[in-house]
Amino acid sequence: MINFFSRGFPYHRGRRLRQNQNFREIFSESNLSLNDLVMPYFLREEDDNPKIEGMPEVYRYNEEEIINELKNISNLGIKSIAIFPKVPDEKKSDEAEEALNNNNLICRALRKIKNKFPDLIVICDIALDSYTNSGHDGILDSAGQIDNDKTIKQLAKMAVSFASNGCDVVAPSDMMDGRVKIIRDALEKEKKINTCILSYSAKFCSNFYSPFREALGSKKNIGKSSKNTYQINFKNKHEAIKESLEDIQEGADIVMIKPAGYYLDIISELRKNCCVPIAAYQVSGEYSMIKIASEKKILNYKDSVLESLHCIKRSGADLIFSYFSKEVAEWMNK
Ligand code: PBG
């Protein structure tokens, strides 16, 4: 790049390589494939409400519905899903005991899913926010502060429990310090040597998680409280790289940047600095912005979705979590 000296016009006409669709296709520098896409799903108890106001056309599935849905997904060629539970209020507690219940929503779903779809890669969030009264990702001490070291012990147990029920990839999304190391140690000790760790290593304290919190039912729990003592300040880049490199040292097989669209500089910087796969999460708020603007005919839906995903790919992501994944797979199959 540095040695490029253009003789200028007309020896160089950039438009020659853009003259028609085939030219543009063969010279595309990055391409999106089915292998890049992870489809996230929200799970619910039988009698809970499927509809999520802030995320049109994204639903919460009960155990039977998710099995039917996964038939479609597998036929489309999607190889990986991520599952998130909406835990009923009465099962939430200060110490998030439900997270360790071998019969909780995630564990039951894992057993059913892996029984029917043994090869589908199932990724589970490791964080306590679905299960705590506070809506925080960790357990609070008597002063109302997150107890980091107590929390990570619980997360390690949660990871072992999910792995024992068939989870292929545990994904700590809590941003506590030291959790990757303690999870890896716990998995090894329990002979879960093939369970991968996808660390949400650079998870920013973002406003764009808001529809997700509605989906999960943790919005009212978290209230006006913020996750800013553990999630990264969106003004920071070096800190995001440091957190990711530390997680790789602690044993993360895959690292993640989240959100994706506004954080492409972080993805591309990390790509230059590490050689493990990088995942990016196009989060709920990114989904809803495109979805709702398209419903109002402000944006062209398909073109905007594809642009948003291609740009994430171009920045250096190997794997993209996106609520558009299924629909994009349908377009790719046509
Ligand atoms: C929970 C978690 C969050 C997301 C994934 N895991 C929300 C949060 O940290 O509050 C956000 C995903 C999305 O917005 O789509 N730790």
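The basis for the numbers below is simple: all heavy atoms, side chains too, and nothing from hydrogens, waters or symmetry mates. Just follow the structure's listing: the first ligand is 1, and inside any ligand the first atom is 1.
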Enumerate the protein residues lying less than 4.0 Å from ligand 1, judged by heavy-atom distances, in chain and residue-number order. Asp125, Ala127, Asp129, Asp137, Ser173, Lys203, Phe208, Tyr209, Phe212, Arg213, Lys227, Gln231, Lys258, Tyr281, Val283, Ser284, Tyr323

According to the interplanar angle, ranging from 0 to 90°, do the rings of Tyr323 and Tyr281 count as parallel (below 30°), tilted (30 to 60°) or perpendicular (above 60°)? tilted

Can a side-chain donor-acceptor contact be found between His310 and Ser30 if the only test is distance below 3.5 angstrom? no

Whether the side chain of Asn101 engages the backbone of Glu97 through a donor-acceptor N/O pair (distance < 3.5 Å, no angle test) should be reported. no

If only side-chain N and O atoms count, and only distance matters, is there a donor-acceptor pair under 3.5 Å linking Asp125 with Tyr200? yes

Report, one line per pair, each donor and acceptor closer than 3.5 Å where one atom sits in a side chain of residues 202-211; sequence neighbours left out.
| from | atom 1 | to | atom 2 | distance (Å) |
| --- | --- | --- | --- | --- |
| Lys203 | NZ | Ser173 | O | 2.9 |
| Ser206 | OG | Phe208 | N | 2.9 |
| Tyr209 | OH | Phe204 | O | 2.6 |
| Tyr209 | OH | Lys258 | O | 3.4 |
| Ser210 | OG | Lys219 | NZ | 3.0 |

With under 30° as parallel and over 60° as perpendicular, where do the rings of Phe324 and Tyr287 fit, or are they tilted in between? tilted

